[in-house]
Amino acid sequence: MTTATTHMTFGQAINAGLRRALERDPKVLLIGEDIGTLGGVFRITDGLQKDFGAHRVVDSPLAESAIVGTAVGMCFRGFRPVCEIQFDGFIYPAFDQLVSQAAKLHFRSRGRVRMPLTVRVPFGGGFGGAEHHSESPEAYFLHTPGLRAVSPSNPQDAFVMVQQAIACDDPVLFFEPKRRYHVKGEVDLEADLAAAPPLEQARIERPGRDATLVAYGPLVPTAREAAEAAADEGISLEVIDLRSLSPLDFGTVAASVRRTGRLVITHEASQTGGLGAELAAGITERCFYYLEHAPVRVTGFDIPYPPARMEQHHLPDLDRILDGVDRVLGRPNSLSGLED
Amino acid sequence: MTTATTHMTFGQAINAGLRRALERDPKVLLIGEDIGTLGGVFRITDGLQKDFGAHRVVDSPLAESAIVGTAVGMCFRGFRPVCEIQFDGFIYPAFDQLVSQAAKLHFRSRGRVRMPLTVRVPFGGGFGGAEHHSESPEAYFLHTPGLRAVSPSNPQDAFVMVQQAIACDDPVLFFEPKRRYHVKGEVDLEADLAAAPPLEQARIERPGRDATLVAYGPLVPTAREAAEAAADEGISLEVIDLRSLSPLDFGTVAASVRRTGRLVITHEASQTGGLGAELAAGITERCFYYLEHAPVRVTGFDIPYPPARMEQHHLPDLDRILDGVDRVLGRPNSLSGLED
Amino acid sequence: MSKPGTGPESGGKSGEPFIQLLTPAGVRVADPHFDQWLADIDGDRLQGLYQDMVTVRRIDLEATALQRQGELALWPPMLGQEAAQIGSGRALAPEDFVFPSYRDTGVAWCRGAEYADLVKVWRGNAPSSWDPYRLNMAPMQIIIGAQTLHATGYAMAAKFEGAETATVTYFGDGATSQGDMNEAMVFAASFQAPVLFFCQNNQWAISEPVRVQAQRPIADRPPGFGIRSLRVDGNDVLACLAATRESLERVRSGAGPCFIEAVTYRMGPHTTADDPTRYRDPNELEDWRTRDPVDRLGAYLQSEGLFGEEFRDQVRAAADAAAAGLREACTSLPEPGGLEVFDHVYSGPHAVLERQKDHYSRYLAGFEAAEGGR
Amino acid sequence: MSKPGTGPESGGKSGEPFIQLLTPAGVRVADPHFDQWLADIDGDRLQGLYQDMVTVRRIDLEATALQRQGELALWPPMLGQEAAQIGSGRALAPEDFVFPSYRDTGVAWCRGAEYADLVKVWRGNAPSSWDPYRLNMAPMQIIIGAQTLHATGYAMAAKFEGAETATVTYFGDGATSQGDMNEAMVFAASFQAPVLFFCQNNQWAISEPVRVQAQRPIADRPPGFGIRSLRVDGNDVLACLAATRESLERVRSGAGPCFIEAVTYRMGPHTTADDPTRYRDPNELEDWRTRDPVDRLGAYLQSEGLFGEEFRDQVRAAADAAAAGLREACTSLPEPGGLEVFDHVYSGPHAVLERQKDHYSRYLAGFEAAEGGR
Ligand SMILES: Cc1ncc(C[n+]2csc(CCOP(=O)(O)OP(=O)(O)O)c2C)c(N)n1
Ligand SMILES: Cc1ncc(C[n+]2csc(CCOP(=O)(O)OP(=O)(O)O)c2C)c(N)n1
Ligand SMILES: [Mg+2]
Ligand SMILES: [Mg+2]
């Protein structure tokens, strides 16, 4: 079987995925601020209003609670709305509608009302953004039963996963690593959704033996680079792209850790109560007797996202990840000898 | 030194603490729904409006974002507002003001603007409440840099800690275990705040050798009972009352775990991404070579808080905690032999 | 239009005008505009409205009794709001969709809710009751104001589909302070959504009088958003019926969203857990008793010769049957099983949750084995 | 009151009236009520307003240039809104407290912001700029609408203290859709808070025209909340000054909150990252150029003989100096240090954060040692 792939950016891949979803199902509707005429501040919805009309690609008033809240109402009528939250830091006004409504209505209605809602959230930093424009709020949603959350790390996944998210009958937070929007890759536009890996499945990005390095979204490319750099030093890292943030694919990660005995987790979000905490705790529960070292977290610090000229001191990068790898391998590094 | 203590309920102790704070500092102001004439739906602010006036104990319109948002503005003017959120499940409309404003303004203003805001949240279940009335949202705030969070478990702590929270120059989420409001205890109304244990310090509730059992808020009494029951079986549990949920007092817990080698954590909130995840991960990092077993979490399930007649199947109780203790001690129990 | 009888309950200055077709004494007032919306309301229908009101009042009292007897955990009485709920509820078409609040027992009754549906939630048996697609009515909402956005979104979707259906959302005076309610008006106006906002201004949000929420009559707010608004006597079932019908007609015809403020009164406590003597003047309640919505229609029926003994017997029997039905349905609700907590969290499989369910079922089994062993 | 010149920018139907004291051609229109608020505005003051407007326009252009040259990461131009910001900003008393939005450069200028204060945030050096207690002005707000609640709370506190100060909050047309903004009006009305809501309706929220947010003029909304509201020509500095003074006087006197909708136009892009040609008709911009706020006052000065060469030279020199000062302040801002990220998260010690800081400083030290070693 030959498949012709198309070279396109991450952002274009999402656009193509949204287009497919709009074509496939008349109940799919996009709603958000500036997504229509402008095509979104990141142009992710570029051209879609022109082609599908203002009733399928809806420029909404400036109110996030209402964007999500009206989408919840549309779900009651069998729609599959896709909300765009313009930037990560603007999702909090919609928190109640997400946590008390979208997340709970299927449970509340004993399965009678479906909530096939997708909430697209460009997230993360590393591009010199202003306050509220670089946040990583995924852990809040990980802790919210009833929601699912995913984050693609490459154009192909972006194309497929956005369609899977829309096809999912549960509310899905779709976290787009905005600083990777311009990364290019091959996308199989004919990809068969049914044959694609399920939305909740992590992927082994690169096999390895010495330690398992888990990342998602924007840090997957960084983790891959770290693995390459480590390989130069003779260290073989297994890189896992989580893809699904809720539920976490413990099966894939645990199988890897049982082989490597060591786990490093990296994310941009602040450490305390972040996704890394759950992954570390869950893997420790499942793999305690396999672990040679405590799982190591390489994450943003417990600070508000800092101004652009400080962000390199907050964000995990290649060197900090490698430092974490040293730590998990018990190689001497900056924290060697520290008691806690 | 003799101190005369007063026998009172948990709820009365908070009331007494609020009264002290109002007396001590004219900048202290209470605001919330139904807290004035009615004295709050739990009567925690009973009599305070009568004694301090409608400008110190303020019945607000029905809007949580505004309750917190106006309190943030009051902080700009040097006030120390104490907001009441009527029930845990009603805090989400205020999420943006808490997470993007209260939490960040000290950082944003480079320390120029203080946010001595206290947000009182009656939380947790176990009393047959309706939907949204029994939630445990603390992990959201644990993951939010800039906020502090505490939860007292007995009348004396309630009295002291509410005053400490109000005196703190940072925003503090004050989680009140509502199902314990009627529990009685001795309160030293002359307690010297300066001499009291600091707000961020955990307390060893009951010393023990075989395993460390960590709880907070509503489950501290349950944990104590579990320790008594375990003692009957010859198992010595060290019970720790966290008191502070953010920051977590890793020092106290780690010291205990280094002695016992085993950790059980219990909370009502759902498991994934809950406080237990952070505690487990953080303690594993600090005490890996002391641990005889992976930390065990005994928590609510990853479900929306269920209806009253199902809640006993969600909430950790004495038996489930003891089951967790069995697990951490490697004693045969229901999960013995399971691979994951 | 006539004036309400009294003062501070109006949500603003006293004596704000509202639509009234039946005076507190039960005298029919002619109204050139709204009377046409009652053209079909003959004696039978009037009696039907009365029977509805008496029945839901009886259901409400029975539920309160069930709570006192420990059969329900809580109950939010709608006593006093029968005209607002029956008047508006009977104006709805079956295909209209309703997004209600927790106190809308009377509306649920009009939508055909079964007895068990009315109490299941309050007994703590289920997180919601009726099948939303059988009643065309969403689960009742507890988060104040949240449902107004759902209604607006539902109406937008209906409009985008080209359907000629109306969506109606019910909420209280307190809800008008919430951001969500105001955002709902913004969206409804912007998309000219076919939604009717029905506010039952019952003068109180738990212990707070409406003046805490609003300095002007609530009905004054929507026009600033570009939404057509009416203020009606919420204790007058005919005014509520006519105004709702008229508004729904506009809504269905594509004229954009409408708003109704029904000025009524919560004669009971906020819920059975509440004690209104702590915050409200008993004279206020006495005053409102003179405007009781049920008595008012009764007086009118009487004056029309429609209140004979036979009819009264029939009404009494219907109410008795409803009370008995409610009690029976309530006490015979099956206890939920332990593993039900894991159902319906997601629409499909979820590995983490299934693991928890598996562990808990092993725990339960082990526990039962141990208990059994004793 | 006169009518604005043109159509769809009005936030509702075209031709909604507003307060205008200076026509687009620079002709002074008498107004029996508002003229008294300009009694002290002599030639010198008029010239001062003009110089302010030219200076902030120049600062705005210089900042845009700095962004193009890579010295700033982003800049939100206020081009076109000079009259709204200078007119209102110059009406404020020093002890009034301001809660601004991100585009309020002109207001910050009136409050005495230093050059570095205007660009620090946009260069990415700091999360905010000025000392709020020196300027009596909060850090600019990015979360749309959030600051309106802070202003209301500040005003409530001031009132509870018995202070006679006014609080002013600035926000855009888009912000009026947010729940927070509406809740702020509810609280302000309920507590009769001494706050002035100043809305710059610049016709656009990024790519969305104001008709997406509002079907009626924005100024129509506050009265329904019980808030006194004015609609002014936001490109008329005298109207903005007079209306703000008048409103502030009411606010300070305890007459309750006030609202001003200043009808203006965002002549530039939303920010330097935006490309308005994608969504707006160039004719619209051309049309608004005929109502330019700076030219308008210039024409009036000319007609009054206040626009001589000396004055124009002085204005030019002041603007040049501001531009040079801004550039100098911008490029000489010190780079923040690596450990500064840990500062001011809390007001006091925080064990978990200190451990992270300790670890990171060890890491940095080790890293530098390794780098040095190479
Ligand atoms: C977001 C939220 N905040 C607070 C509450 C608690 N609460 C329940 S009912 C109520 C008063 C509601 O008043 P109103 O809207 O007038 O409706 P009514 O109860 O009078 O029918 C309050 C404050 C809630 N349910 N939701
Ligand atoms: C809560 C929130 N949602 C979205 C945004 C993104 N955003 C920034 S400015 C803007 C438009 C604001 O329009 P308006 O209120 O009219 O102010 P203007 O920019 O025109 O001055 C938007 C949508 C934001 N900053 N905050
Ligand atoms: Mg009410
Ligand atoms: Mg604007």
Side-chain angles (χ1 to χ4, degrees), chain A residues 33-43 46 58-66 69 86-87 89-90 92-94 96 127-133 270-272 299-314 319-320 323-324 326-327 332-338 340, chain D residues 73-74 102 120-128 142-146 172-180 205-208 212-214 270-271 273-275 278-280 333 335-345 350 352-353 355-367 369:
Chain A
E33 296 157 10
D34 304 295
I35 68 167
T37 319
L38 179 61
V41 294
F42 294 108
R43 312 287 184 265
D46 198 22
V58 182
D59 269 328
S60 78
L62 209 175
E64 287 76 12
S65 187
Q86 199 163 79
F87 280 85
F90 309 146
Y92 307 121
D96 181 64
F127 68 103
E131 200 187 356
H132 312 291
H133 287 72
S270 59
Q271 181 162 105
T272 295
T299 69
F301 298 116
D302 288 359
I303 61 173
Y305 198 91
R309 284 173 193 252
M310 300 187 194
E311 71 179 342
Q312 81 272 23
H313 292 292
H314 175 60
D319 291 311
R320 276 181 60 203
D323 188 68
D326 285 346
R327 217 177 324 151
N333 83 343
S334 56
L335 299 186
S336 300
L338 270 196
D340 73 343
Chain D
L74 195 75
Y102 45 85
K120 210 180 268 176
V121 171
W122 304 110
R123 192 170 167 87
N125 282 58
S128 77
I142 289 182
I143 299 294
I144 301 296
D173 43 297
T176 61
S177 293
Q178 283 284 8
D180 274 6
I206 308 187
S207 73
E208 298 185 351
V212 172
Q213 321 290 341
H270 171 68
T271 67
D274 178 41
D275 172 11
R278 289 181 63 102
Y279 54 80
R280 80 181 176 190
L333 280 168
E335 264 330 84
L339 293 176
E340 272 185 48
V341 293
F342 296 101
D343 294 347
H344 306 301
V345 181
H350 184 284
V352 169
L353 191 58
R355 178 171 180 264
Q356 292 182 2
K357 181 176 177 178
D358 176 50
H359 286 191
Y360 187 61
S361 66
R362 287 167 194 270
Y363 166 80
L364 277 187
F367 197 67

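A, B, ... follow the sequence lines: proteins, then strands. Residue 1 opens every chain.
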Query raised in the report: Any idea how D:Y360 and A:H313 line up, ring-wise: parallel (<30°), tilted (30 to 60°), or perpendicular (>60°)?
Result: perpendicular

**Report entry** Main-chain N/O of A:G324 paired to A:N333 side chain as donor or acceptor, under 3.5 Å
**Finding:** no

Report task. Just give me the residue among A:A63, A:A308, A:P61, A:G39 that pairs up with chain D most often, heavy atom to heavy atom, under 4.5 Å. Result -> A:P61

Query - D:V212 versus chain A, the contacting section by heavy-atom distance below 4.5 Å - result: both

Query - Engaged part of A:D323 at the chain D interface, taking heavy atoms whose separation is under 4.5 Å - result: side chain

**Report entry** Per-residue contact mode, A:D319 against chain D (heavy atom under 4.5 angstrom)
**Finding:** both

Requested in this report: Tell me, out of D:K357, D:H344, D:R362, D:E208, who's got the most heavy-atom pairs with chain A below 4.5 Å.
Outcome: D:E208

Query raised in the report: Checking heavy atoms, do the side chain of D:A205, its backbone, both or neither come under 4.5 Å from chain A?
Result: both

**Report entry** Interface moiety of A:E64 toward chain D, non-hydrogen atoms closer than 4.5 Å
**Finding:** both

**Report entry** By side-chain hydrogen bond (donor to acceptor under 3.5 Å, both in side chains) - contacts of A:D326 (at least two apart)
**Finding:** A:R331

Query - Test item: A:E311 side-chain N/O and A:G128 main-chain N/O as donor-acceptor pair under 3.5 Å - result: yes

Query raised in the report: Can a donor-acceptor pair be found between the side chains of D:Q213 and D:T176 at a distance below 3.5 Å?
Result: no

Report task. Among D:G174, D:G366, D:G145, single out the residue with the greatest number of heavy-atom pairs under 4.5 Å to chain A. Result -> D:G174

Requested in this report: Below 4.5 Å from any heavy atom of chain D, which atoms of A:R327 appear? Answer side chain, backbone, both or neither.
Outcome: neither

Requested in this report: May I ask you to test the D:L364-D:L339 pair for a side-chain heavy-atom distance under 4.5 Å?
Outcome: yes

**Report entry** Contact winner vs chain D - A:L62, A:T272, A:V41, heavy-atom pairs under 4.5 Å
**Finding:** A:L62

Query raised in the report: Checking D:L353 against chain A: side chain, backbone, both or neither under 4.5 Å from a heavy atom?
Result: side chain

Query raised in the report: Between D:V345, D:I143, D:V121, which residue shows the highest count of heavy-atom pairs closer than 4.5 Å to chain A?
Result: D:I143

Requested in this report: Check for a donor-acceptor pair, side chain of A:D59 on one end and backbone N or O of A:I35 on the other, with a separation under 3.5 Å.
Outcome: yes

Report summary line: Across all chains, not counting sequence neighbours, the ring pair (Phe, Tyr, Trp, His ring centres under 6.0 Å) partners of A:H133 are A:F87, A:F90

